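All ligand and atom numbering here is 1-based and tracks the order in the structure. Note that this is a predicted model, so its numbers are computed, not measured.
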Amino acid sequence: MQITYYGHASFLVEIQGKKVLFDPFISPNELAKNIDISRIHPDYILLSHGHQDHVADALSIAQQSGAMIVISWYGQQGYEKCYPLNHGGATQLDFGTVKYVNAVHSSVLPDGTYGGNPGGFVCTSEDRNFYFAGDTALTLDMQLIPKFAPLDVAILPIGDGFTMGYEDAIIASDFINCNQVIGMHYDTFPFIKIDKEKAQHAFKDAGKELILMDIGESREF
Ligand code: NI
Ligand code: MN
């Protein structure tokens with residue numbers, strides 16, 4: 001499995017021969033200005049919730065690639081190829097199984113439209129299992145996730161302010177029973193700037209690894 005970071009909460013996961021894009025917010029992100037979204041051609045786009053910093057490029061990337069958008073509300077936005085999921089629901093896609101799990105967050109769109117219930121995704125496949133938490137607080141519900149699947153890696157928000165911070169992400173990694181964490185949702189805006197070295201030390205002290213990828217970087221997991 002290969003994971004590429006596009007900044008903020010956006011990742012491209014290449015798994016079982018398929019490309020799965022999470023929460024594309026690339027063209028409005030000054031930090032990701034070197035990423036050319038016209039070159040991103042996923043098979044699936046998984047959206048954790050309707051906030052702009054998670055969906056900004058979803059429609060244009062879907063239209064250029066013909067990707068299937070997986071979310072509960074996007075069908076209302078004029079794009080036909082959507083797969084609806086809601087909390088607790090799982091579906092078999094051609095790279096593996098995707099289960100939509102709880103997140104504690106909000107999801108109203110800037111114009112007041114309902115943006116679905118915010119969630120995360122537990123993805124299992126014959127290759128690797130991973131959890132993309134979306135924007136969320138630390139929640140006891142995360143303790144359920146190891147009952148669904150043993151995780152190889154988890155993508156968790158660490159920026160505080162709008163989501164959990166890294167201290168809570170350490171507790172989350174206990175709950176989900178996964179010590180290899182990729183951080184997201186930090187440094188993009190002034191409110192979520194963090195001390196990255198301190199965060200990584202805190203994980204290390206807890207016997208865990210916090211991976212902070214460069215924007216545009218790809219790694220094998
Ligand atoms: Ni959000
Ligand atoms: Mn967000």
Side-chain angles (χ1 to χ4, degrees), residues 3-13 20-33 35 37 40 42 45-62 69-77 82 84-87 98 100-123 130-139 141-142 145 154-169 172-173 176 181-196 199 210-213 215:
I3 299 181
T4 301
Y5 186 42
Y6 289 138
H8 198 50
S10 186
F11 293 84
L12 184 74
V13 179
V20 186
L21 180 67
F22 289 85
D23 286 6
F25 170 78
I26 302 162
S27 59
N29 182 359
E30 182 61 21
L31 301 177
K33 62 178 185 299
I35 306 296
I37 65 163
I40 302 174
I45 302 174
L46 274 53
L47 302 178
S48 65
H49 64 298
H51 285 157
Q52 188 64 5
D53 63 312
H54 296 261
V55 304
D57 295 313
L59 197 53
S60 58
I61 293 175
I69 295 179
V70 180
I71 184 73
S72 57
W73 59 274
Y74 219 77
Q76 302 149 19
Q77 310 295 305
C82 292
L85 274 185
N86 213 328
H87 289 100
V98 175
Y100 197 59
V101 296
N102 289 355
V104 175
H105 193 62
S106 54
S107 193
V108 174
L109 276 61
D111 67 357
T113 321
Y114 171 68
N117 283 314
F121 298 97
V122 176
C123 301
F130 65 98
Y131 167 46
F132 177 87
D135 282 5
T136 185
L138 177 65
T139 161
D141 290 341
M142 290 168 176
I145 289 171
I155 302 174
L156 303 180
I158 58 168
D160 228 325
F162 306 118
T163 67
M164 62 184 172
Y166 66 81
E167 297 95 337
D168 284 0
S173 97
I176 62 178
V181 171
I182 302 172
M184 66 167 169
H185 216 274
Y186 64 94
D187 279 6
T188 319
F189 314 112
F191 290 128
I192 57 172
K193 285 235 189 305
I194 64 163
D195 183 334
K196 294 190 278 294
L210 176 64
I211 298 159
L212 300 178
M213 295 175 68
I215 296 174

### Message
Please determine whether His54 has a backbone or side-chain N, O or S atom lying under 2.8 Å from the Mn ion (ligand 2).
### Response
yes

### Identity of the N, O or S atom of His51 lying closest to the Ni ion (ligand 1)
ND1

### Task
Please work out which of the three classes, parallel, tilted or perpendicular, describes the rings of His87 and Tyr100, given edges at 30° and 60°.
tilted

### Task
For the Mn ion (ligand 2), decide whether His51 has an N, O or S atom at a distance under 2.8 Å.
no

#### Entry: Whether His51 and His49 hold their rings parallel, tilted or perpendicular, with breakpoints at 30° and 60°
perpendicular

#### Entry: Heavy-atom closest contact (Ile61 atom, Pro24 atom, distance)
CD1-CB, 4.0 Å

### Task
Answer yes or no as to whether an N/O/S atom of Asp53 is found below 2.8 Å from the Mn ion (ligand 2).
yes

### Positive for side-chain contact (heavy atoms from CB on, under 4.5 Å) with Ile215, one of Thr4, Ile35, Thr188
Ile35

### Task
Over all heavy atoms of both residues, which pair between His8 and Phe189 is shortest? Give the atoms and the distance, please.
CE1-CE1, 3.6 Å

### Message
Report the atom name of the nearest N/O/S atom of Asp135 relative to the Ni ion (ligand 1).
### Response
OD2

### Summary
Closest to the Ni ion (ligand 1), among the N/O/S atoms of His105, is atom NE2

### Task
Measure up the Phe162 and His185 rings against each other and bin them: parallel (under 30°), tilted (30 to 60°), perpendicular (over 60°).
perpendicular

## Note on the structure
For the Mn ion (ligand 2), the nearest N/O/S atom on Asp135 is atom OD2

### Task
Check whether any N, O or S atom of His54, backbone or side chain, sits closer than 2.8 Å to the Ni ion (ligand 1).
no

